[in-house]
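Quick notes on the structure that follows.
Letters A, B, ... are given to chains in the order of the sequence lines, protein chains preceding strands, and every chain is numbered from 1.
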Amino acid sequence: MTLRLYNTMTRSVEDFVPLKAPHVSLYTCGPTVYNYAHIGNFRTFLFEDVLRRWLEASGYDVFHVMNLTDVDDKTIRGAAAAGASLADHVVRFIDAFREDSGYLRLLPAHVYPRATEYVAPMIALVESLLAKGVAYKGDDGSVYFAIGRFPAYGKLSRLDTRELQAGAGGRTLADEYAKEDARDFVLWKAAREDDEAVGAAWDAPFGRGRPGWHLECSAMALDLIGKHLGTDVLDIHAGGIDLVFPHHEDEIAQSCAHTGQPDFARVWMHGEFLTMAGTKMSKRFGNILTARDLREEKVDAGTVRLLLATTHYRAPLDFTDQALDAAREGSRRLGALAARVATLPEGAGSAAFEAVGATLAADFATAMDDDLNTPRALAALFEAAREGNRLLDAGEQPGPAFRAAWAKATGVLQILPTPAAGFQLPATGASANQELSEAVPTDPAAQQEWALGWAGRRLAAKQGRNFAEADRIRGLLADAGWDVRDNRDGTAEVQRR
RNA sequence: GGCGCCGUAGCCAAGUGGUAAGGCAGAGGUCUGCAAAACCUCCAUCACCGGUUCGACUCCGGUCGGCGCCUCCA
């Protein structure tokens, strides 16, 4: 089996062959920390997380870099509006990003370089480009990249023959007068008063200023993979599909003009958009949903991850409550099977159960190796869950093959529910005598005790064949948000919904 | 206007030139005091119109509809 990945550069699925196996360098464009990242941003990060986990599960040693863009127009504007320095303003959004990433179970990158910490390598890169004659200083003091002097420009986006739409966006940038060609992009922006005010300006041989967005990624990626792997070409460079042009196109121009390599990455991967109400999330449409919003609505990370895994990363996905509900139920079901298996002692499994494990392992790997076909991988998992439940009902035992295949698949996808607070009540010894109020305590700990008490009383009532009382208590608990469920062996469980 | 993506059951969503995975919802069963869970069964001919082919949902052309990018938006 070989891992095959879609490469935007060639527009086709190719065998994945890293430069220095088993090492893999993975550079993913991170957030601009001027605001809370929304779930559209996170769809891309989640796709990259699954990619990373599958690479590692396949035996690769991944070096993952995700940059944090902490200096650009938006962060500077935000800092100015808040009356803070750039550094102070940005830190809260970096913290928030870390929290949100943890909530969504994103594996931390090995390095999170911040643009402002890599100004020196950026300046060096600009100097190199100036020396090579592909960059020039404009009349406004900024430094630009001359795409006319880089013949390969446009090969990733295939927009090389494009024509600028007349009046697109009504943009007539002042700095265009400083460019030799309207399509040239800025490497280094001459410092303005606004930049100085928030501490977003640095001295450089070619003039005081700040780095352009595209420059950040090239300089940081080259610096880091050079130090860690001794290479100047990335194995995988990933990001959202909107970064194809101009961001990644410009990165290629800068990096390759500097290194002389034919490409900056061996594989370019781009995740499709997540839309809300059919359109891209944007302030203009007011359809932004952040990871924090989901967390506040108590949406489990497993649900979110399962929802995204049902759609292939290169297909657009519209986020709806209906789809979220479906994902929640699916996640619950998979979690229930996992819980059943977890309660059983480890040991040799039945032949049938082990066969299910072998099928799962094979189908899951085939699906993932096929350009991360998570919908099919998920189908394999659901089939294994159904078979597993059936065999468990028949009294058969799962063995190491099943457990290993299940752990690998669920570990890569991370779609199981976060364990909820729940209690198992023994079949005997349930106390029906303690004093219990029907009023629901507001304090979480007290409420937990309360629910446990009532659940015990219900079990006792049930054992006394007082079904009316048992059902009444179940209703009471349900109203308070606790589910009660009887098991086959006479025990019962209460769990917070 | 240029470049690109997409249109599969009530909803979400894979897929192959030879008669459509999986999930959610729904219906009927088994089990159960009941409920829940679990399991079993049922539920589409793939936007439209042409063409290529023994045969297309899958290839080609067109139409309609939706979406993205076109200089700093994942």
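Checked against a 6.0 Å centroid threshold, the rings of A:Tyr153 and A:Phe150 do not count as neighbours. Side-chain rings of A:Trp54 and A:Phe364 approach one another, their centers coming within less than 6.0 Å.
Using atom P as the reference point in both B:C11 and B:A74, the two lie 32 Å apart (nearest Å). Distance check on atom C1': B:U53 versus B:U58 gives 13 Å, rounded to whole Å. To the nearest whole angstrom, the two C1' atoms, one in B:U8 and one in B:C69, are 26 Å apart. Between B:A44 and B:A25, the two C1' atoms lie 15 Å apart (nearest whole Å). Taking atom P on both B:G4 and B:G23, the two are 37 Å apart, rounded to the nearest angstrom. Atom C1' of B:C43 sits at a distance of 9 Å from the matching atom of B:G26, rounded to the whole Å. Using atom P as the reference point in both B:A38 and B:C46, the two lie 33 Å apart (nearest Å). Of the C1' atoms belonging to B:U16 and B:A21, the separation is 11 Å, rounded to the nearest Å.
When the shell of 6.0 Å around CZ of A:Arg465 is examined, it contains 12 or fewer heavy atoms from other residues, nucleotides or ligands.
For A:Arg295, the salt bridge (Lys or Arg N to Asp or Glu O under 4.0 Å) partners at least two apart in sequence or on another chain are A:Glu99, A:Asp100. Judged as a ring-ring contact (aromatic ring centres under 6.0 Å, His included), and not counting sequence neighbours, the contacts of A:His214 are A:Phe185, A:His247.
Searching all strands for a Watson-Crick or G-U wobble partner of B:C46 with both distances below 3.5 Å returns nothing. In a base pair of the Watson-Crick type (N1 to N3 plus N6-O4 or O6-N4) or a G-U wobble (N1-O2 and O6-N3), with each distance short of 3.5 Å, B:U58 is matched with no nucleotide. The pairing partner recorded for B:U53 is none, the criterion being a Watson-Crick or G-U wobble arrangement whose two distances lie under 3.5 angstrom. The partner of B:U32 cannot be assigned: no Watson-Crick or G-U wobble pair with both contacts below 3.5 Å exists in any strand. Base-pair partner of B:C67: B:G4 (Watson-Crick or G-U wobble, both distances under 3.5 Å).
With salt bridges taken as basic N to acidic carboxylate O contacts below 4.0 Å, none links A:Arg474 and A:Glu469.
Taking atom CZ of residue A:Arg314 and atom P of nucleotide B:C69, one finds them 19 Å apart after rounding to whole Å. When the P atom of B:C72 is taken as reference, atom NE2 of A:His247 falls 13 Å away, rounded to whole Å. Rounded to a whole Å, the CE atom of A:Met269 is 19 Å from the P atom of B:A74. Distance A:Glu272 CD to B:C6 P: 9 Å, rounded to the nearest Å. Following rounding to the nearest Å, A:Leu337 (CG) and B:A37 (P) show an atom-to-atom distance of 15 Å. Counting to the nearest Å, the C1' atom of B:G68 and the CZ atom of A:Phe245 are 14 Å from each other.
Comparing B:A14, B:C40, B:G23 by their closest approach to the side chain of A:Ala315 singles out B:A14.
Contact annotation for A:Arg333: backbone-only contact, meaning every heavy-atom pair under 4.0 Å involves sugar-phosphate atoms and none involves a base. Counting any heavy atom pair closer than 4.0 Å across all strands shown, A:Ala37 reaches no nucleic acid atom. Within 4.0 Å of A:Leu274, counting heavy atoms only, lies at least one base atom of the nucleic acid. Nucleic acid contact for A:Asn389: sugar-phosphate only, since backbone atoms but no base atoms lie under 4.0 Å from a heavy atom of the residue. Counting non-hydrogen atoms under 4.0 angstrom, A:His214 reaches nothing in the nucleic acid. Contact annotation for A:Gly212: no contact, since no heavy-atom pair falls under 4.0 Å across all strands. Nucleic acid contact for A:Gly239: sugar-phosphate only, since backbone atoms but no base atoms lie under 4.0 Å from a heavy atom of the residue.
A parallel orientation is assigned to the rings of A:Tyr313 and A:Phe47, their planes being inclined by less than 30° (bins at 30° and 60°).
When only modelled atom types and interatomic distance are considered, A:Thr28 and A:His64 share a side-chain donor-acceptor pair under 3.5 Å.
With the nearest nucleotide of RNA chain B identified for both A:Glu387 and A:Thr275, A:Glu387 has the one nearer the 5' end. Take the nearest nucleotide of RNA chain B for A:Arg43 and for A:Asn373: the residue whose nucleotide is more 5' is A:Asn373.
Considering A:Tyr103, A:Phe45, A:Tyr36 in turn, A:Phe45 is the only one that fulfils the ring-ring contact (aromatic ring centres under 6.0 Å, His included) rule with A:Phe97.
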What protein N or O atoms touch nucleotides 29-36 of chain B N or O atoms at under 3.5 angstrom, if any, and at what distances?
residue, atom, partner, partner atom, Å
B:G33, N1, A:Asp471, OD1, 3.2
B:G33, N2, A:Asp471, OD2, 2.6
B:C34, O2, A:Arg474, NH2, 2.4
B:C34, N3, A:Arg474, NH1, 3.3
B:C34, N3, A:Arg474, NH2, 3.4
B:C34, N4, A:Asp486, OD2, 2.9
B:A35, N1, A:Asp486, N, 3.3
B:A35, N3, A:Arg474, NH1, 3.0

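Between the base of B:A13 and the side chain of A:Thr310 there is no donor-acceptor pair shorter than 3.5 Å.
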